[in-house]
Amino acid sequence: MILSVRVSEILLQGAITVLGQPTYRRILLSLTSILLLAASLSVCAQEVDFQLVASNEYLNLYIDPVTTEVAVEDKATHTFWYSNPQDRFSQRGLNLERLSSQFTITHHFIRSGAPELAEKENYRFSTVYEQYDIQEIENGVRIDYTLVEQWQPRHYVPRMISQERMEALIFSEDPEVRAEQESVLLNYYHLIMLAPLGDRKPLEIAGFNHERVFGEYDLVVLNKDYQERERQLEAMKAQVAQMAEDAPERADLESQITKLESQLNKEKTDIIKRLVENLVESRQDIEKSDFVTFQDVAQLVGNPTYLLQKVPQFTLNTIYNVLAETDYTPIECGEDHVMNNLDPLLPNLQIFHIPLEYVLDGPELLVRIPVKDVKYPVDVEDVVGEKHTFPLLTIRVLEYFGAAGKDSEGYMLVPDGSGALINLNNGRLAGAAFNEPVYGPDGAQDQPAEKRRYPEQTVMPVFGIKDNDKALFAVIEEGASFARVRADIAGRINDYNRIFAEFQLLANGRVALSEKASHISFSGSAAIYQQRMYEGDIVIRYFFLTGDDADYIGMADSYRRYLMDKYQLKPLEPAEDVPFFLELVGGIDTIEPILGIARKVIRPLTTFNQAQEILQTLSQQGISNIKLKYLGWLSGGIRHDYPVSVEAEKALGGAKAFQALAEFAKANGHELYPSVGFQSVYLGSKQNGFNSKQDAARGLNNLAARRYEYWLDTFDRAYPVSWVLSPRILGETVDQFLANYRQYGVPGLALLDLAHELNSDFNNDVRKLVDREQALNTITEQLKKMKSVGYKLMVDYGNSYAVPYADAIVNMPTHGSSYYIVDEEIPFYQIVLHGLVPYAGEPINLAAHGQDSFLKMIETGGYPYFIGSYQESSMVKDTDFAYLYSLHYNDWLELAAEMYQKANAALKGIQNLKIVDHRKLADNVYQTMYENGRTIIVNYNDDAVMVGDWLVGGKDFVVLEGIADAN
Amino acid sequence: MQRRGWLIAIVLPAVIIMSAVVCSSSANAALYPSYVYNYWGMAVPIPDPYVPVRTVSGMDLGVGEFRNAQYIFTAPDNTLYIVDTGNHRIIRTTSDFTLIEVIQQFERDGKIEKFNNPQSVFVTSDGRLFVADTQNERIVAFNPDGSFAYTIDAPQVDIREMLSEHFRFRPKRIAIDPVNRLYVTVEGVIDGIMHMSLEGEFRGFMGAPRVTRSPWEYFWYQIASEEQRARMQLLLPTEFSAMALDDMGFIYATVASSEVETNLFIRKLSPAGSDVLRRNGFFPPMGDLSEGTNSSIVGYSKLIDIIGRDYGMYSALDQLRGRVFTYDYNGNLLYVFGGIGNGIGLFTSPSSLAELDGRLLVLDSRGANCITVFEPTAYAHTIHNAVRYQYDGLFAEATEYWRQVIAMNPNYEPAYSGVAEAYMQQKNYKQAMHYYRLGNNRPGYSRAYAALRFEFVNKNFGTMMTTFLALIFLIYIAKAQSWGPKLRRRYVQSKMARWFARPEVQQNPVYAWLKRTWYALCYARHVMFHPFDGFWDLKHENRGTVTAATILLVLTVLSYVFTTQYTGFLFNIRRVESINIMVEAISIGVPFFLWCVVNWALTTLMDGKGTMKDIYIAAAYSLTPFLLAAVPLTIVSNYITIDEGKLFNLAYSIPVIWTFALLFLGTGLTHDYSFGKIMFTTAATVVGIGFACFVGLLFFDVLDRMLRFVQEVYREITLRL
């Protein structure tokens, strides 16, 4: 079908030219060609008129060509999802404009030397001016938006306009309307023209050179009342001329004539002055009235023209109100200015071009922004030739898609840690809105210390909203690495609960120019930006869920199927016993004085031989299937050397002992995962050719990024710990590591940071710049590479891009960050991943509540995880590793054995199965159900609860075995 | 999707919680870092002692949001009073947060009266409620049945003289001790806590914060005009920010002001008004030790509330960083938790702290406007048990818990002392010393060591005595048989001596140089004991050489390093790990050379006869007493106790004084100065050194600023272009 395309290609081309060739005349020309319909401002009141643009067997996609909002219909259930709330028209003003927008951009502009943030919604800055172009594409539709500065009243009001054009463009043909218009406009405009002076004497005006400005001509005032009075004057003069010299009335009449004449002259003087002043005000090249010449007013010769009086701002609005009713736009206004030798009003510099695509893909909707077609003004010139750049910082996509009103029931799924729910309209306005970066903070960007304490980061690029019996679930498919998921409840800025993704197109920050700058506000800092934008696409995939599926289980299931399809993931093989995750700490570095010289020495916490002993002891306790992550085995301990050379730490026994351990593990059916961190290069350890100038990631200030320790009490920076490796170097580093690691013949590898940290390299040199999405791709390439060589990989934390390549995940988040706005924290990620990869949460012996941590493990289908050392815990005292308290394996050995037996009893046999249900039964009582019907009910309360016929003890759980298969 | 809705349908309706306690924990990781300070004043991580389990807002109670709520109070009957200041009401709930009543108004003589910004309440053990009705300038007392009893208004005239004319009776906190004494802190009153009878009769002030004035301030105060004095006075005294009774009737009081010395932030006042708080921890109880510099929050802790807890423990709430500090009866910091931020367990502007059923409650007056409930973890339970037994004097039981504490958290140093205590009682002094050392407990270590040494001496008295006597006997024999002269004689006759005596050896320049240096070094002993003669000879008889002087200097530096590193644990208050030989060398070398140079510069102007070389040699030779004493004394320091430390310090100061005396004297003698002139040049040199340091610092400072300026300009250019 053919869409009503209201803006022609050519007109749009004009706008694009502006971006390319920034001279103001061109801008003017192109702007002239953009058709602006002021009438569309009143679109708010219009009915939404959806037209079908694409359809497949599952969905219909509709678009309203006037408001550019879209709707998706599920064909099976005839349920609709709207990009903008359909009942939004009860709202007013800015709120309504926001609710009517499909996206919002934020950009910087410079005000008095400092960058300031501006927001532009597409509705207010593009749609109302009809500056968009709708095209049909395969299975969908593409809309190209051009956002401009918003016109203000002063842009509509011409300072001078010829009578002819006034008649043609402004005055209505309808006499009634015209009378109304005249009653306003003629109050504020003088009608003037130039006529030959002839032999009349020009008016003497102090400081005004008639000869230079008007030459042979004289100004004629055509105002109606003025002319009337002039005629009156003529009449009186004629009367006087006819009168006798000594007529009694003569003196009286003459005084009247003088009075009227001086009055008229004064008015004319004022008008002339106004004309000159007007030129001085609006022309850049005329600095004072002496510079005005005849050329500047030549167009007035024989051409009656309206001249705007000096009017205050509110009057300008009055005039604007009249003009806004007509077809007269700033474009025509600009033309009038040019015709009258005035500078056009400031040309519109802030022009942004944003394309948005909606594509149906099976039962899902893809929303795409091809970032290569996104344009923002770079070095555009203004009237005086000054260059301006308006860096495009972020774009919020479909902010109100599926937004739920204040009467809706349901929740929003936010990807904080393992997942969390914000109930719709929960009224928690005291807490801040949810706004978190996907995949955690960027190591190359300076993080304020206080931000670091929120325990969990976002591991998956998903979000969802359940609104009564329908739900919307979104996966950010591309561009997730620079996205933030934002959610807020109704009541803060309007009556809608909304959740959406915001993409940071240009990372930006401020750099202090002087040490003291942080304390001084004036121009002590400069804004800095990433040197270029991300070059790929932004893609969000929306899933539409109805009925029984419209809940977080349904969302998890969608995401699970999505991951399985995309990465060809297979469920695990059924296994005998559940795995036991063990992390052993090898060496730590500490400073010790040797002959009065403080030196770094490695303090062994668990040597390779001792590790064997621990494995044996655990086996004797009945623990089998151990997945051993060995931390700090590389030369240098936990803060190991730059891993391009691979040496087992000598203090732990060296290479031979390490190999012996590997063989022992293999012989006893355990898996060994020696750990390595690639992205941190520790300052105190061997740099092995690492050169921080070239190989470290650069921050926005173009300095090599470092990680710091912070004091726990003041949050002050204590000392630098490591360089952040540039993702550009990562591939090389991994290659060298793998080449040297092969000699040990260990089939496993634990990756400390590849699934946890995602860092850009904001190098000033664009060729060296690695944006965050590129960094993400680099990391997945490394993972693929390691997989292809045959290594089994254990990852920490588990950002979703790494999970398809992982054979085990430890330290996987089991909680959220306890934000005030959140109502419930759910094991969403676990529901997605159970059966695909074995995982463990936090080490139980480091948990504040060990038993609760164990119960959480049971609830989420994870496996026991302990971290230990052979040496006494006090070995870490007074070192930088004091946070590794309670490590001594003897202290937790029995507990671990007991927990393992319990976990084995509960989770054996379902390791490869999917979680099909999870719900809260009562406060602190949760139920998890697996495919085969096994149901586990966990009670976190101190006291026992009755669930059906089952008594669940305090801080305990029960397993209900396969109550007949429903299918 | 395969889901089995029907099972849930069976299970779901039948969930019955067996107990009324709804609020229990799920294993939340806390949002804040929990920590304690170690001996060195560094914050070290500990397992979370308390974790937030829920929040209680006005909405949850069904009474509408709190507004600027200032106080929560646990009554003796285990009910909770919430003073909702901005809403002018008092809310009472049960211990599991079920609303009991909202007290918004009361009937007095048939008229309804309301509160105006009440700040706190107190409930006596017989159930009488007292409300500090702050803006109404009164305390309202209620009967146990909830009816109005009486009010306590501003005390009458006689005390006006003690107070400024602007005195307003705006009670902030109230406390009533077991013998019915009423204590009131009043807004803007800086004279201390008002002590009244329960009927409102004023008895006096107590515990006025001591105003400290430095000599400098005192000086200014003396010469200031009346007006200036008045202004100064306004700044100095401070008011108590919070007050709480312990079960003995003592008052914990906090001051939230930087005007007061940090160690007086928390006080424990006896009924007589004296401060009886024990400050035996590594640091006095004061909240955070440091103000911080770079973070967005800077300053000392602003202790806004305090509660007394069991076994002499007490907890204070810091409004600035939103933290709860808990100390034991000895003033040891037990744990710190909490923080500022947006999340459960973090606050915006916490105002009050209470303990209810073993849980800690923190009230936030802004932000989320709610009470956060914290539940103790296993770690807190263990540490509480340890403190409890220790408080009761049951050290054996305490030790068991201290051991567990160490297993959970090796960073908590007082726990090691607790374990050491047990070893002491078992007379296992070696282990005791080990643990005391881990606990950085020097007095304890000293006691253990003294006992160990006593035991050793006791056990080995016979052997030691025998050895000692044998030695005496040996020396006596040697003397009697004149072994020494005999040996010397034999050496002179030996081949080796003869070989050395040969002229070609004697004339060998290396040998000659070695010999000369050796003699020059040996001469140091003579200089030490006969300075007048010795320093004269050094210069005029050429008895000293630059080489020997340099050797002496290097040896001094080495022995100094040895001293800093190997002084016994009891006397070494430096972190051995952080010692750096270069820094130590510089700390001796720089003053030494400054002395030489400044002295030379000065004396050339005052017709001193000494050259630079002379000064250098004289100064280096003066170091001998320190050099000779340092190593033996350092070794000795490992074998003595703290009690003997005074003697040790004396022994240490003798060579130091001696060295300085030699230095002053020797340098002067080099210049052939009279005694008076020596004194003068010494003083002048010291001043000169100070001046040189000042100029040096100035120079480096200017240089540093210049470099930084250039750097900034460069940075600005690169960034702006």
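Order of the sequence lines fixes the chain letters, A, B, ..., with proteins taken first and strands second; residue numbering starts at 1 for each chain.
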Answer yes when A:Asp852 and A:Lys856 have at least one side-chain N-carboxylate O distance shorter than 4.0 Å, and no when they do not.
-> no
Counting only heavy atoms closer than 4.5 Å, note whether B:Thr55 contacts chain A via side chain, backbone, both or neither.
-> side chain
Should A:Val876 and A:Tyr885 count as side-chain neighbours, where that means a heavy-atom distance under 4.5 Å?
-> no
Proximity breakdown for B:Tyr412 and chain A, heavy-atom pairs closer than 4.5 Å | neither
Given that the side chain runs from C-beta out, which part of B:Tyr416 has a heavy atom under 4.5 Å from chain A: side chain, backbone, both or neither?
-> side chain
For chain B, the option from A:Phe854, A:Tyr820, A:Trp892, A:Tyr883 that forms the most heavy-atom pairs under 4.5 Å | A:Tyr820
Show your reasoning for whether side chain to side chain contact (heavy atoms under 4.5 Å, CB included) applies to B:Ser290 and A:Trp711.
-> CA-CA 10 Å; B:Ser290 155; A:Trp711 297 124; over 6 Å; no
Identify which part of B:Ser301 has an atom lying under 4.5 Å from any heavy atom of chain A, answering side chain, backbone, both or neither.
-> neither
Indicate yes or no: does A:Asp713 engage B:Arg321 in a salt bridge with an N to O separation below 4.0 Å.
-> no
Take the angle between the ring planes of B:Phe337 and B:Tyr32 and call it parallel below 30°, perpendicular above 60°, tilted in between.
-> tilted
Heavy atoms, side chains only, cut-off 4.5 Å: are A:Met875 and A:Phe881 in contact?
-> no
Exactly one candidate in B:Tyr379, B:Tyr50, B:Tyr35 meets ring pair (Phe, Tyr, Trp, His ring centres under 6.0 Å) with B:Tyr335; the answer is B:Tyr50
Go through the atoms of B:Gln404 and report whether side chain, backbone, both or neither lie under 4.5 Å from a heavy atom of chain A.
-> neither
Honestly, the part of B:Met59 sitting under 4.5 Å from a heavy atom of chain A is neither
Contact class of A:Ala847 relative to chain B, heavy atoms under 4.5 angstrom | neither
Does a salt bridge link B:Glu413 with A:Lys877, judged by any charged N lying under 4.0 Å from a carboxylate O?
-> yes
Of the listed B:Thr348, B:Leu438, B:Ile406, B:Leu289, the one with the largest count of heavy-atom pairs under 4.5 Å with chain A is B:Leu438
Proximity breakdown for B:Ile46 and chain A, heavy-atom pairs closer than 4.5 Å | backbone
Region of A:Asp878 in contact with chain B, defined by heavy-atom distances below 4.5 Å | both
With a 4.5 angstrom heavy-atom cut-off, could you sort out which part of B:Arg323 is near chain A: side chain, backbone, both or neither?
-> side chain
Side chain to side chain, B:Ser587 and B:Tyr560, heavy atoms closer than 4.5 Å = yes
Side chain, backbone, both or neither: which part of A:Asp891 has a non-hydrogen atom closer than 4.5 Å to chain B?
-> side chain
Under 4.5 Å to a heavy atom of chain A? For B:Asn38 that would be side chain
